[in-house]
Structure formats: C-alpha cells, structure tokens
Amino acid sequence: MSQSDEPTLAGDIDDGVLAEARAEATIPASRGSVEGAVQADQEGAARAATAAPAAAPSPSSAPARRRSLWRDRNFMTLWSGQALSQFGAQITELAIPVLAVLALNATEWEVGVLNAAQAAAFLVVGLPAGAWIDRLRKRHVMIWADLVRAVALASLPVLALLGVLEIWHMILVALIMGVATVFFDVSYQSIIPSLVRSHQIAEANGKLQATYELANIAGPGIGGWLIGVLTAPLAILATVGTYLFSFVALLLTRDREQLRPPEDRKPLVHEIGEGLRWVFGNPLLRRIVGTTAGGNFFGTITATLLPIFLLRELGFTPEMMGLVFSVGAIGGLVGAVATPRIVGRLGEARAIPLSAIAFCVAPFFLPIASLLPALAFPFLVVQGFIMSFTILLYNITQVTFRQRITPPRLLGRMNASVRFVVWGVMPIAALLAGALGTWIGTVPTLWLAAAGQLFACLFVVIGPFWRLRELPDAHAEHADSGADEPGR
C-alpha cells in the first residue's frame with residue numbers, strides 16, 4: 001500500500017507478508033475532537049519516524065541499510081522463539097478439542113463453553129489491555145504472557161496423568177491463557193517498529209508470517225501424529241516447551257522502544273476512548289471491522305462445532321483431522337505469495353470485498369460434506385484451502401492499511417479496539433454454537449452459520465471499496481476523513 005515515503009504494498013509483500021494478518025483470521029465523538037487528535041498523533045508519528053533511524057546504529061552505506069534481517073542477530077532471536085511457539089500452538093489447537101471430545105466425552109454445550117473461555121478475555125479486558133500496553137514495554141509484557149501460558153497449559157497433562165482432569169479444569173486454563181494471549185498478541189502487533197528500521201518492517205512482518213504459515217501447514221499434521229502416538233495430554237507438553245523457549249528468546253531480545261513520558265498519559269478511560277474514536281471515526285475501518293466481526297461471529301460457531309463434526313459425525317481420527325487442517329492451510333501460504341499479484345492487478349481496495357465474498361461462501365462446503373460422506377475428506381481440504389487463501393488476502397490488505405494510517409502512539413489502542421470488536425463477538429458465538437448444537441444438532445447449526453457468513457461480507461461489498469482501487473494513506477485519510485459515507 002502506497003504511502004508517500006514508503007514502498008507499495010506489492011513491494012512490501014514481495015519481501016513477505018504481514019505477521020499481524022494471521023491474528024484476525026478465522027479477520028464517534030465529535031468530528032472536531034477526532035481531527036485534533038489525528039493531527040497531534042500524526043505530528044508525533046512524524047517525530048518518531050525522524051528519530052527512529054537515529055535510535056539504531058547508523059549504516060555506512062545504502063546497501064548496508066538493505067541488508068537482510070536474516071543477518072540481524074537480534075531479530076533472529078525473536079524470530080526463533082516465535083517460530084517454535086507458533087508451531088507448538090498449532091499442536092495444542094488440535095490437542096485441546098481432541099482431549100475434550102474424545103477423552104472427556106464433552107457435550108456440544110461444554111465444547112461451546114470451552115471455546116467461549118478461550119476468547120472471553122478479548123471481550124472483558126481487550127480494551128483496557130491496549131491502553132495499559134501503550135504505557136508498558138511491550139517486550140516485557142510478552143515475556144510474562146509466555147510464562148503464564150506455559151505454566152497454565154502444563155497443568156492439563158499433569159491433571160490428566162493423575163486421572164483427575166475434568167472439563168472445568170480445561171475451561172479455567174482456557175480463561176487464563178486467553179487473558180495472557182490478549183496481552184501477548186496486542187504487544188506482538190506493535191513491537192516490530194521498535195526492533196527494526198522503518199523500511200524493514202514489511203520484511204520483518206513477512207518473515208514472521210511466512211514462518212507462521214509453515215507452522216500452520218506442518219503443525220496440525222504432526223500434532224495429529226503426536227496425539228496418536230503420545231496421547232493428547234503428552235502432546236500438549238510439547239507446546240509448553242515451545243512457550244518456554246519463546247520466553248527465553250524474548251529475554252535475550254533487545255528493543256529500542258521508548259516509553260511514553262508520564263505527562264503524556266491521560267486517564268485510562270480517555271485513552272480507551274481515543275483508540276475507539278480512531279477506529280470508528282474512519283469510514284473505511286468501520287466497514288472492515290463490521291465484516292471482520294461478522295465473519296468471526298459466524299466462523300466461531302462453525303469452528304466450535306468442527307471437532308464434533310469431524311470426530312463424531314464423520315468419524316475422522318485425530319490424524320485425519322490434523323491432515324485436513326494441514327493440507328487446507330497450504331492455501332494460506334499460497335495466498336501470501338499470490339497477494340502482491342492480486343492486489344497489483346485488482347487494486348488493494350477491491351481485493352477486500354472480493355476476498356470477503358470468497359471466505360463467506362466457503363463455509364457451505366462443510367455441511368455439504370455431510371451429505372457426501374465418501375467425498376468428505378477432499379471436500380474439507382478444498383474448503384480449508386479456499387478459506388486460508390482468501391482470509392490471508394483479506395487480512396494482509398486490511399491490517400497493512402490499519403498499520404499505515406495509525407500513529408505509533410495509538411498502535412496498541414487501535415489494535416486492542418479492533419480486537420475488542422472482532423474477537424469480542426467470539427465467546428458469545430461459541431456459547432450460541434453450544435446451545436444450537438444441543439438444540440437442533442451439529443449439522444443444522446453449520447448450515448445456519450454458513451448462511452450468516454453471507455451477511456457478514458455486506459459491510460465491505462456494498463461500501464466504497466469498488467470505486468477506490470487503492471486505499472488512502474495517512475495524509476489522504478486525514479484530509480478526506482469526512483468524504484466517504486459512514487460505514488454501516
């Protein structure tokens with residue numbers, strides 16, 4: 001995405017795709033006060049951009065400035081920890097539902113409560129977390145979050161080996177890990193500018209995202225194999241080890257983040273409101289948030305019942321379930337590679353509604369697979385490929401747009417505000433999935449969720465994206481902040 005002093009989206013994505021795009025995949029006050037805040041924040045962003053090169057060692061030549069981050073020991077320390085923890089997280093994402101459905105024989109409602117617990121923190125503490133994180137060293141927040149997640153997760157295999165594990169233990173651990181993940185993810189979305197130079201942000205995000213996609217492809221398949229060989233509780237221990245490795249890597253990483261001076265801090269409620277006004281004061285962001293929230297709501301209903309659908313309705317083994325996820329996830333890697341060409345040909349603004357239409361139609365493949373059990377496996381692989389491909393295309397474009405137009409001091413609150421809405425709907429959807437699955441059954445609920453997805457894409461499909469082609473940069477967005485019609 002173009003900005004007057006930065007490369008285009010195609011150029012950035014040629015070096016890699018944005019790491020933040022993965023986090024949302026499943027995706028006002030008076031005008032005068034908002035514009036005043038925008039102007040002040042943009043001045044702060046300009047000062048930060050001017051000061052950033054001075055904070056890092058001064059390069060001796062232009063070629064040195066373009067040196068690959070693979071040669072940056074500090075970045076590689078962070079990358080190694082995140083690469084391993086992302087791989088471990090994929091194992092646990094498979095092991096947790098297998099443990100609940102097969103070992104504890106959880107009902108649809110219990111699975112719904114478990115999924116709701118995992119996402120509840122984004123609804124409960126998502127907004128204040130952004131304001132708190134903007135006052136703290138983000139790397140330190142991530143260090144503590146990794147430690148908490150490792151300790152909480154380690155309790156599950158211990159309880160299972162003692163023979164006393166119950167579903168409420170898993171729900172409690174999910175709540176604790178959810179809170180830690182809120183603080184980790186919001187910090188993670190905002191830390192890269194303090195680790196690398198401004199012109200290296202896209203490359204850094206791209207390397208982290210490409211690593212995640214590889215973990216997303218290999219993790220579920222290996223996770224299914226580990227569960228089959230070691231059982232789900234012992235497979236979870238592998239993830240504990242990766243969180244501890246990430247914890248150590250973050251301890252060894254060095255950042256150059258400057259804390260905001262105390263005099264620049266305002267009451268917490270005011271700072272939360274500032275982040276919300278920034279997001280919802282932008283007509284394009286409002287529409288993007290609407291589609292992402294709707295997609296996550298109905299997508300969570302599907303995801304909540306998916307383990308029951310695969311393991312009970314279709315009779316898949318954990319190995320088959322992991323293989324479906326792994327092969328389908330290849331679409332994410334292909335989507336990351338194809339995004340520059342798609343955006344270059346169609347325009348970044350038009351890529352948003354087109355990708356939204358695709359990932360809102362793909363969920364129909366799931367209930368259709370129940371009508372064709374002999375073809376269920378290839379059907380689900382194709383569905384996963386389409387979903388992964390189009391969600392990556394959508395999220396790469398919209399997350400980059402958000403990063404580009406948001407001043408540095410508002411990044412944490414912007415991300416937290418967006419997450420509050422787009423992830424805050426997920427615990428509600430998970431509970432609804434459990435209730436509907438109990439009341440009308442798993443497959444009928446999947447049909448309802450697929451139909452709901454069609455409505456989610458309307459926010460961007462009927463918006464101004466078709467006529468824009470390119471999304472505005474920070475300066476144009478400020479100048480034209482009232483030009484577009486408001487989002488729905």
Side-chain angles (χ1 to χ4, degrees), residues 18-28 115-131 133 178-179 181-190 209 272 275-304 332 352-353 355-357 359-360 363 387-388 390-403 405-406 410-433 449 452-461 463 465 471 487-488:
L18 294 172
E20 282 94 302
R22 70 174 177 85
E24 287 150 26
T26 344
I27 346 199
N115 272 29
Q118 292 175 332
F122 282 92
L123 182 62
V124 177
V125 299
L127 283 178
I133 288 168
V179 173
T181 297
V182 167
F183 283 89
F184 186 96
D185 282 1
V186 175
S187 300
Y188 185 53
Q189 282 201 316
S190 310
Q209 177 64 22
I272 291 173
L276 287 170
R277 287 194 299 272
W278 173 260
V279 171
F280 291 101
N282 183 300
L284 297 178
L285 279 182
R286 283 201 300 270
R287 291 183 178 274
I288 289 170
V289 169
T291 286
T292 308
N296 280 355
F297 181 86
F298 294 105
T300 298
I301 294 177
T302 298
T304 298
I352 288 179
S355 57
I357 291 171
F359 71 68
C360 287
M387 288 291 289
S388 298
T390 53
I391 285 175
L392 256 293
L393 171 60
Y394 173 85
N395 277 340
I396 288 168
T397 309
Q398 63 95 0
V399 170
T400 305
F401 171 58
R402 281 164 35 195
Q403 281 186 327
I405 66 169
T406 302
L410 275 176
L411 278 172
R413 279 168 286 167
M414 179 274 291
N415 286 323
S417 297
V418 172
R419 289 290 185 87
F420 172 73
V421 179
V422 305
W423 279 34
V425 300
M426 293 168 69
I428 301 171
L431 292 176
L432 181 60
Q453 286 274 25
L454 292 178
F455 292 96
C457 68
L458 293 180
F459 291 98
V460 295
V461 169
F465 294 92
L471 294 171
R488 287 179 51 178

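Just so you know, these numbers use all the heavy atoms, side chains as well, and skip hydrogens, waters and symmetry mates.
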Problem - Closest non-hydrogen atom pair, V460 against A356 - result: CG2-CB, 3.7 Å
Handout entry: Closest non-hydrogen atom pair between Q453 and G294, with its separation
Key = OE1-O, 4.4 Å
Problem - Heavy-atom pair with the smallest gap, counting every atom of I301 and A429 - result: CG1-O, 3.6 Å
Handout entry: Residues in side-chain contact (heavy atoms from CB on, under 4.5 Å) contact with T302, at least two apart in sequence or another chain
Key = L366, L446, A449
Completion exercise
Minimal heavy-atom distance between A293 and V422, with the atoms involved, is N-CG1, 3.8 Å
Exercise for the section: With sequence neighbours left out, write down each residue that passes side-chain contact (heavy atoms from CB on, under 4.5 Å) with A430, or none if nothing qualifies. Expected result: N115, A116, T300, T304
Handout entry: From I396 atom CD1 to I352 atom CD1, the distance as rounded to the nearest 0.5 Å
Key = 11.5 Å
Exercise for the section: Please tell me if the side chains of W423 and V182 come closer than 4.5 Å, counting only heavy atoms from C-beta onward. Expected result: no
Practice task
Identify, with sequence neighbours excluded, every residue that meets side-chain contact (heavy atoms from CB on, under 4.5 Å) alongside L285.
Solution key: N282, F401, R402, I405
Exercise for the section: May I ask you to test the F465-L284 pair for a side-chain heavy-atom distance under 4.5 Å? Expected result: yes
Practice task
Using a 4.5 Å cut-off on heavy atoms from C-beta on, say whether the side chain of Y394 contacts that of I288.
Solution key: yes
Handout entry: Nearest-0.5 Å distance, CD1 of residue I391 to SG of residue C360
Key = 8.5 Å
Completion exercise
So CZ of F298 and CG of L432: to nearest 0.5 Å the spacing works out to 8.5 Å
